[in-house]
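Structure first, commentary second.
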Number of protein chains: 2
Amino acid sequence: MVARKSAQSTSENRPGAPTLDDVARVSGLSPITISRALNHPHMVRPQTIEKVNAAIALTGYIPNLLAGGLASKRSKMIAVAVPQINNAMFVDSIQALSDQLAVYGYHMLLCLAGYAQQSEEQLVSAILSRKPDGIVLTGINHTQLLKKRLLLTGVPVVEIWDLTPTPIDMLVGFSHEKVGNDIAGYLMGKGYRRFGMVWADDERAEIRRQGILAGVKPHGITDIPIIRVPTPAILELGRQGLVQLMATGQSFDAIICSSDALAQGVIVEAGINGISVPAELAVMGFGDLDFAHCCSPSISTVHIDKKAIGQRAADILIAKIEGRPVANNIVDVGFKLMARQSA
Amino acid sequence: MVARKSAQSTSENRPGAPTLDDVARVSGLSPITISRALNHPHMVRPQTIEKVNAAIALTGYIPNLLAGGLASKRSKMIAVAVPQINNAMFVDSIQALSDQLAVYGYHMLLCLAGYAQQSEEQLVSAILSRKPDGIVLTGINHTQLLKKRLLLTGVPVVEIWDLTPTPIDMLVGFSHEKVGNDIAGYLMGKGYRRFGMVWADDERAEIRRQGILAGVKPHGITDIPIIRVPTPAILELGRQGLVQLMATGQSFDAIICSSDALAQGVIVEAGINGISVPAELAVMGFGDLDFAHCCSPSISTVHIDKKAIGQRAADILIAKIEGRPVANNIVDVGFKLMARQSA
DNA sequence: TTGTAGGCGTTATCAG
DNA sequence: CTGATAACGCCTACAA
């Protein structure tokens, strides 16, 4: 305790991690110059940058984005709220979104409602504390309070996986009602009339169902027997769905499912019961999940460009954040009905 | 412009969002009391808390966790690095991890290496700037520099989905080598000898392969024909895999796949070619994905408690962060071979 | 149980 | 192109 070793240039005697000041001291420059070298290199002479890099390597400096974000009011972070990720539908969009955000230098704070069923409202409120530069929300149904809060803070918001002329801010998705209409039209065109449904408990699936009902109504069909299943929709539930439909004693010539996994389950169950698909029973899916095109029989379904949803969402969100013009705040990525073997 | 309305008590004339000071002013308390009411309610009188809540509601105050984190050195954020999320294996673990983190009041920064193939090292370095309170890493293979960095910063780390006696810090996973051994033992026990493999290009899958090879070696089998496929492993690749294996002209009695999706593909392809499973060809998967138990034939596979991995990882990580004792820094969740119809 | 003083690490602003 | 100064919003001491 008598004589302390003379403090070395860097941080010999300091406990915490090296800071901008340490780098400044080592390089003989001022802190702000280090900051600029890192964030606005074009404002600094090349040889100065080299000095800075050397000092950074020497000190092992890691920037503190909490401090940076506090000072600059930009966190370079995007919050993404999804109901659940173990739903095959969303995963590809999230992956693409994350990839594209990375391109722009942003990180993703992923918030899952999860089993705890924390409401989206609470979730987003909590997230706002992190000061994300932008927010991605799933769907277009949000509480009034949430919308108000979002509008109040002014954070750029992109809603995905649905369509409305009046998004909170921006939107990338497609019309589930139209999907339903097209499915109805396709199956009617093929001559099917005795429909049954195996349907996940999901708000967008419900809109597709309405679209289907609207599509078959002109043909005198006013009701379709339906078995509802919980999310995430998995093969097993499809099997159970068909069993339950058959137990009603009615006869069917086409089963419409709210997702490909359910359709696959219906097909498996049909196979076990000696019902040939599509000869005796047609099966229609949704989503064009990776297995749909190469099952046997391949599944007739609706293709969604899930990757595009994530990518475009990142594009317009970051554009807005960085002040670049956004051509269109509503992006309809559409969909494509894939006529395959099962229906 | 002549006379400005007299400034109202809250923020009428202030541009930014309301801060702790605003709440303090409105409630007639000091900022620190507001802070405590929010973060350490037990240190504040109930009626004071009510006053605070009223003021918060009035002002529409949203805490700023960037500032809070900077001051307290705790960000309440966990960074999670996963190679890709559109890999059915990881999704359930991530969901469970996120759910459990939410229980403890932490948010998840999800970082995907993604298609850009940004190295994990760069990824984690970038992440450290956000000052996460903890980090979850996939697997146990990391560069020396990364390990050193992590050790240096002292952030608690949990590695998941693999096993080693020498983790960086903590670990939740299982032995892929043992899985391989057990698969070999099971199939040998069933009398299969002419093996073929359809295998994803993945480091953990490779370890399982080594385990299988080690397991069959005592029986005089020194090599197994293999078709390698890229990740993510999907049904289609399984089909192609079987086609390619058959094209070699060799005969097989059991196809071992690195994942259930591939196994499903092999089964589909076999079915199309009139090869009966398992009578003429056995098929083994891995992962026990949701569809494995209810396909037809059901898939013999290895069950991993994916949810437990995420949950336990959250548990020990948060325990360590919050200074609670961690009974064991290595958690082996094990696995279970599921003997079903396909093999 | 509540308040005061000071600092967390960075960047905006303005000056040179 | 570089630097000095003053925030950014909150929390950890310590004191009352």
Side-chain angles (χ1 to χ4, degrees), chain A residues 10-11 14-52 55-56 59-77 128-133 153 323, chain B residues 10-11 14-52 55-56 59-77 128-133 153 323:
Chain A
T10 41
S11 54
R14 294 160 37 99
T19 73
L20 216 49
D21 286 326
D22 295 314
V23 181
R25 210 168 304 125
V26 170
S27 63
L29 295 159
S30 79
I32 186 64
T33 301
I34 313 296
S35 171
R36 280 199 277 251
L38 254 25
N39 303 313
H40 310 283
H42 61 279
M43 296 177 70
V44 176
R45 243 189 318 173
Q47 68 188 75
T48 304
I49 293 189
E50 276 176 34
K51 272 198 229 169
V52 170
I56 287 177
T59 53
Y61 169 70
I62 296 177
N64 182 332
L65 255 48
L66 293 183
L70 178 59
S72 69
K73 299 191 171 306
R74 285 179 300 98
S75 62
K76 284 265 182 181
M77 207 166 57
L128 284 174
S129 311
R130 305 246 173 225
K131 303 290 166 188
D133 291 339
T153 64
Chain B
T10 42
S11 54
R14 294 162 36 102
T19 74
L20 216 49
D21 286 326
D22 295 315
V23 180
R25 209 167 306 127
V26 170
S27 64
L29 296 160
S30 78
I32 186 61
T33 300
I34 313 296
S35 170
R36 280 200 275 254
L38 254 25
N39 303 314
H40 309 284
H42 59 280
M43 296 177 69
V44 175
R45 242 190 318 175
Q47 68 187 75
T48 305
I49 293 190
E50 275 175 35
K51 272 197 226 167
V52 170
I56 287 178
T59 53
Y61 170 68
I62 296 177
N64 182 334
L65 255 46
L66 293 184
L70 178 59
S72 70
K73 299 192 170 307
R74 285 180 300 99
S75 61
K76 284 267 183 178
M77 205 166 60
L128 284 174
S129 313
R130 305 247 173 225
K131 303 291 167 189
D133 291 338
T153 63

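Below, chain A is the first sequence line, B the second, and so on; all start at residue 1.
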Checklist entry - Between D:dT2 and A:Thr33, is there an OP1 or OP2 to side-chain N/O distance shorter than 4.0 Å? => result no
Item to check | Heavy-atom closest contact (A:Pro31 atom, A:Ala24 atom, distance) | outcome: N-CB, 3.6 Å
Checklist entry - Among C:dG9, C:dT13, D:dT12, which is the nearest nucleotide to the side chain of B:Ser72? => result D:dT12
Checklist entry - Reckon B:Leu20 touches a base, only the sugar-phosphate, or nothing at all at heavy-atom distances under 4.0 Å? => result sugar-phosphate
Checklist entry - Of the nucleotides D:dT12, C:dT2, C:dG9, which one has an atom closest to the side chain of B:Arg45? => result C:dT2
Next on the checklist: Can you tell me which nucleotide in D:dT2, C:dT10, D:dG9 comes closest to the side chain of A:Ala71?
Outcome noted: C:dT10
Checklist outcome for this item: Heavy atoms of A:Ser75 and B:Arg130 approach each other most closely as O-NH1, 2.6 Å
Checklist entry - Any idea which of D:dT12, D:dC8, D:dT2 is nearest the A:Lys73 side chain? => result D:dC8
Checklist outcome for this item: note: A:Asn64, atom CG; C:dG7, atom C1'; distance rounded to Å ~ 14 Å
Item to check | Minimum heavy-atom distance between B:Leu66 and A:Lys131, given as atom pair plus value | outcome: CD1-CB, 3.9 Å
Checklist entry - Counting side-chain heavy atoms from C-beta on, which of D:dC1, D:dC10, C:dG3 comes nearest to B:Tyr61? => result D:dC10
Next on the checklist: Nearest heavy atom decides the nucleotide; on that basis, is A:Asp21 or B:Leu29 closer to the 5' end of DNA chain C?
Outcome noted: B:Leu29
Item to check | Whole-Å gap separating P (D:dG9) and CG (B:Leu38) | outcome: 16 Å
Next on the checklist: I need the minimum non-hydrogen distance between B:Lys76 and B:Asp133, along with the two atoms involved.
Outcome noted: N-OD2, 2.6 Å
Next on the checklist: It should be established whether B:Thr48 places a side-chain nitrogen or oxygen under 4.0 Å from OP1 or OP2 of nucleotide C:dT2.
Outcome noted: yes
Checklist outcome for this item: For B:Ile49 and B:Pro41 the tightest heavy-atom approach is CD1-O, 3.6 Å
Item to check | Side-chain N or O of A:Arg36 closer than 4.0 Å to phosphate OP1/OP2 of C:dT10 | outcome: no
Checklist entry - To the nearest angstrom, how far is A:Lys131 atom NZ from D:dC8 atom P? => result 13 Å
Next on the checklist: Between P on C:dT1 and CD on B:Gln47, what's the gap in Å once rounded to a whole number?
Outcome noted: 11 Å
Checklist entry - OP1, OP2 of D:dT2 versus side-chain N and O of A:Ser30: anything below 4.0 Å? => result no
Next on the checklist: At 4.0 Å (heavy atoms only), tell me whether A:Pro63 reaches a base, stays on the sugar-phosphate, or touches nothing.
Outcome noted: sugar-phosphate
Next on the checklist: If I compare all heavy atoms of A:Val52 with all of A:Val23, which pair ends up nearest, and what's the gap?
Outcome noted: O-CG1, 4.3 Å
Checklist entry - Given atom CD1 of A:Ile34 and atom P of D:dG3, what is their separation to the nearest angstrom? => result 8 Å
Next on the checklist: Between P on D:dC11 and CG on A:Leu70, what's the gap in Å once rounded to a whole number?
Outcome noted: 12 Å
Next on the checklist: Less than 4.0 angstrom between a side-chain N/O of A:Asn39 and OP1 or OP2 of C:dT11, yes or no?
Outcome noted: yes
Checklist entry - Rounded to whole angstroms, how far apart are CE on A:Met43 and P on C:dT11? => result 12 Å
Checklist entry - Just how far, in rounded Å, is P of D:dT2 from NZ of A:Lys51? => result 8 Å
